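The model shown is predicted, which means the values in this text are computed figures rather than measured ones. Excluded from the calculations below are hydrogen atoms, water molecules and symmetry mates; all remaining heavy atoms, backbone and side chain alike, are included.
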Amino acid sequence: MKHTAHSLSSTRHLKFLLLGFIVLLALLCLYYGSSFAPSSRRFDGENSFRSGSLFGGNLFNHRFDDLHGHRSLILEVPKTIPVCDEMYSELIPCLDRNLIYQLRLKLNMTLMEHYERQCPPTERRYNCLVPPPVGYKIPIRWPNSRDEVWKANIPHTHLAKEKSDQNWMVVNGDKINFPGGGTHFHDGADKYIIALAKMLKFPGDKLHNGGNLRNVLDVGCGVASFGAYLLSHDVITMSLAPNDGHENQIQFALERGIPSTLGVLGTKRLPYPSRSFELAHCSRCRIDWLQRDGILLLELDRLLRPGGYFAYSSPEAYAQDPKNRRIGTAMHDILKRMCWKVVAKKDQTVIWAKPVTNSCYLKRDPGTLPPLCNLDDDPDLTWNVPMKACLSRYSKKMHKQKGSGLVPWPQRLFSVPPRSEEVGVSAEEFKEDSKVWKLRVAEYWNEMRLVIQWDSIRNVMDMNSNLGGFAAALINKDVWVMNVAPVNSSAKLKIVYDRGLLGTVHDWCEAFSTYPRTYDLLHAWAVFSEINVRGCSMHDLLIDMDRILRPDGFVIIRDVPAVINYIRKYFTALRWDGWLSELEPRVDAISKVEERVLIARKKLWGNEIGFSPVRRLGSAVWNYFSSRFGSFNKSTSDSCLEFWKLQN
């Protein structure tokens, strides 16, 4: 009897203890969810809003009816913007696997659809400032950053262990070093680059081939050491890799100051125009080139210029592997039908070259696969366009001149691009644009001269690249520029590539596909006016720009006065008030409306903002229980339960 009574008493105490814990958990839930839920559209004071659920819509999506008016617009602007929980310090909204699970998207993982962009609907967009990780430091400056970064900035060491025999990266105290190795070039990318040049018999063993080889696409690039070492050869590389199990490889590349981007050869065309690269490179890139009748090889064909090369390397250990030999034979068969030819082969590296005209395509037997694309197919349309299993033929002009018609680098930077007439740009307009941007950039740098050093800026993004004039004007500075062509002017991106620069197409109504804190300078010319006309949220764009921008980084916003006056009001909430300057620029040949220029510097702030011990405890509790017990049903009236679901 005593034993039974004791058991009942113990059970009762356990129940009370469990009930007490649940009550404590509920209180933490209410506080934690309401205080810093990642996408809550709530603001303090006079700017607070009623929100029935965790995720809100575009509460600050103001559309200006009179963008070119001179009056100051009286519009609602948040006094503060909440800080996301530190678990979101590496948030990429349109490449968020949690979102895929939450929305129960049915994606084909075999075709890599789960690595393609899947953006949150408006009501689930993040409305908080992404914090840096604990211990974050201002990045090491270029050129030293090529070889070392702060471990605290990207606290992931998995690749150093997994690729320890390949010299990808080495943890060294509070830094991570990059010896320059890779899966196929353990002894260093510099030696591998020279080996490729020797295989192609280029003069002086220089891969730039007298300036005729300038733009490279490196797919499955790892931490982009191949692209890093090509820079000294006057060759610029778009290093491409998905946000996959190779933990944060593109984040490491961007932290190093190397041109790179997140992307995958999946189901959609890569966001680059046709005939953009002289060389595509794959070194043990784990891509199934044979799938879907070689559609991924056909995408490379679309991107390569006439006579362009594809260098494919696999480890020496695979030389006698039967499966690898079968793959090589099958690839050779497909590429032969695509009119490509092997121009060099040594050990486990083979280099193919594209034809320079359409002649081979037209001589193929009827019914040969892959077929030629329809004449009405535009190979330069890329945004959300599915890949096509067909060969893109050259234009009549390219076919006739047997090549791209480009002059060698660096002369091509300011020479009139052969394809400028395709986008309605005359030689005079091109030259005038280049002249104007030299003056504009000089004006910007003169304004910032007291707050920047020669090495303050490395990674630059031009959010509306037009003809690439802004990037071209920076050629004498030790920077690289991601030229972004908005979707409504994507055709002009081919001009950017023909100048020997890099870029991508993007819709600024959505978040950009990059890690947080990856750019030192963002230049936005008329970007806000353009998305406003389309009815998109300037508030959302500012939030994403803050995510992309490094602490101590700069924004240069050039737009009409009404937009500038509105955006300036955000700077305190965004913590972009480390340094601020506004100027009235001179009127020039490409000024269509009155403009103002606003230049600001983002402050370095850290986890001390908004993360009390109670909130850290709440974060730990949520992480534990979400991992243990899975997701809960959504309740539109209870942000706590919605946040719990978010963790799964």
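- Judged purely by distance below 3.5 Å, without hydrogens or angles, the side chains of R284 and S313 never pair a donor atom with an acceptor atom.
- Residue pairs satisfying the side-chain hydrogen bond (donor to acceptor under 3.5 Å, both in side chains) criterion with at least one member in residues 351-371, sequence neighbours excluded, are listed as follows: K354-Y394, T357-S359.
- A distance of 3.5 Å separates CG in D377 from NZ in K388, rounded to the nearest 0.5 Å.
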| task | Given side-chain contact (heavy atoms from CB on, under 4.5 Å), test Y566 with N532 step by step and report yes or no. | result | CA-CA 12 Å; Y566 174 66; N532 176 75; over 6 Å; no
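- Closest of all the heavy-atom pairs between F430 and F414 is CE2-O, 3.6 Å.
- Going from atom CG of N215 over to atom CH2 of W409 covers 8.5 Å, rounded to the nearest 0.5 Å.
- Atoms CG and CG, from L240 and L217 in turn, are 6.0 Å apart once rounded to the nearest 0.5 Å.
- Listed for the E530 side chain is no donor-acceptor partner under 3.5 Å among the backbone atoms of N488.
- With sequence neighbours excluded, no residue forms a salt bridge (charged side-chain N to carboxylate O under 4.0 Å, His left out) with K438.
- Closest heavy-atom contact between N459 and G257: OD1-CA, 3.3 Å.
- Checked by atom type, the side-chain pair S260/S239 shows no donor-acceptor distance below 3.5 Å.
- Cation-pi geometry between R440 and W437 is met: under 6.0 angstrom from the ring centre, within 45 degrees of the axis.
- Residues S513 and T261 approach most closely at O-OG1, 4.2 Å, considering heavy atoms.
- A cation-pi arrangement, defined by a distance under 6.0 Å to the six-membered ring centre and an angle within 45 degrees of its axis, is absent between R117 and F512.
- A donor-acceptor pair is defined here as one N or O able to donate and one able to accept, closer than 3.5 Å; no such pair exists between the side chain of E595 and the backbone of V560.
- Between R596 and E594 there is a salt bridge, since a side-chain N of the basic residue sits under 4.0 Å from a carboxylate O of the acidic one.
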| From CA spacing to verdict: side-chain contact (heavy atoms from CB on, under 4.5 Å), I236, V216 | CA-CA 6 Å; I236 192 164; V216 172; over 6 Å; no
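- In this view, K397 and E421 satisfy the salt bridge (charged side-chain N to carboxylate O under 4.0 Å, His left out) rule, not counting sequence neighbours.
- Once rounded to the nearest 0.5 Å, the distance linking CD of Q251 with OH of Y515 reads 6.0 Å.
- When the ring pair (Phe, Tyr, Trp, His ring centres under 6.0 Å) test is applied to H233, no partner is found at least two apart in sequence or on another chain.
- Between C119 and E510, the shortest heavy-atom contact is SG-OE1, 3.5 Å.
- In terms of the ring pair (Phe, Tyr, Trp, His ring centres under 6.0 Å) criterion, W445 has no residue partners (sequence neighbours excluded).
- Crowding of D293 atom CG: a count of heavy atoms from other residues, nucleotides or ligands under 6.0 Å not exceeding 12.
- Applying the disulfide (SG to SG under 2.5 Å) rule to pairs touching residues 258-303 yields C282-C285, sequence neighbours excluded.
- Minimum heavy-atom separation, V407 to S415: CG2-OG, 3.6 Å.
- Applying the disulfide (SG to SG under 2.5 Å) test to pairs two or more places apart or on separate chains, those with a residue in residues 380-417 are C373-C390.
- Rounding to the nearest 0.5 Å places NZ of K341 at 7.0 Å from SG of C360.
- Applying the salt bridge (charged side-chain N to carboxylate O under 4.0 Å, His left out) criterion to E116, with sequence neighbours excluded, gives no partner residue.
- Side-chain contact, T237 with D218: no donor N or O sits under 3.5 Å from an acceptor N or O.
- Ionic pairing of R547 and D544 is present here: one or more N-O contacts between side-chain nitrogen and carboxylate oxygen are shorter than 4.0 angstrom.
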Which atom pairs, donor and acceptor, lie under 3.5 Å between side-chain atoms of residues 462-472 and protein residues at least two apart or in another chain?
from	atom 1	to	atom 2	distance (Å)
D462	OD1	H523	ND1	2.9
N464	ND2	W525	O	2.9
S465	OG	V484	O	3.3
N466	OD1	K492	NZ	3.0
N466	ND2	D433	OD1	3.4

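- Looking at M448 and I599, their side chains come closer than 4.5 Å, going by heavy atoms from C-beta outward.
- Under the 30°/60° scheme for interplanar angles, the aromatic rings of F310 and Y312 are found to be tilted.
- Side chains of H208 and D234: no donor on one and acceptor on the other come within 3.5 Å.
- When all heavy atoms of P259 and L502 are compared, the closest pair comes out as CB-CD1, 3.9 Å.
- A distance of 4.0 Å separates CE of M199 from CD1 of I351, quoted to the nearest 0.5 Å.
- Inspection of the R256 and S225 side chains reveals an N or O donor paired with an N or O acceptor under 3.5 Å.
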Which atom pairs, one a donor and one an acceptor, fall under 3.5 Å between side chains of residues 294-306 and the rest of the protein, sequence neighbours left out?
from	atom 1	to	atom 2	distance (Å)
E299	OE1	R302	NE	3.0
E299	OE2	L270	N	2.9
E299	OE2	R302	NH2	2.8
D301	OD1	W340	NE1	2.9
R302	NH1	Y272	O	3.0
R302	NH1	P379	O	2.7
R302	NH2	L270	O	3.1
R302	NH2	Y272	O	3.2
R305	NE	R275	O	2.9
R305	NH1	E278	OE1	3.4
R305	NH1	E278	OE2	2.6
R305	NH2	S276	O	3.4
R305	NH2	Y497	O	2.9
R305	NH2	D498	OD1	3.3

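- A salt bridge links D507 to R534: one of the charged nitrogens lies within less than 4.0 Å of a carboxylate oxygen.
- Take W480 and apply the ring pair (Phe, Tyr, Trp, His ring centres under 6.0 Å) test, not counting sequence neighbours, and it matches Y519.
- A salt bridge does not link E255 with R458: none of the charged nitrogens is closer than 4.0 Å to a carboxylate oxygen.
- Residues forming a salt bridge (charged side-chain N to carboxylate O under 4.0 Å, His left out) with R393 (at least two apart in sequence, or on another chain): none.
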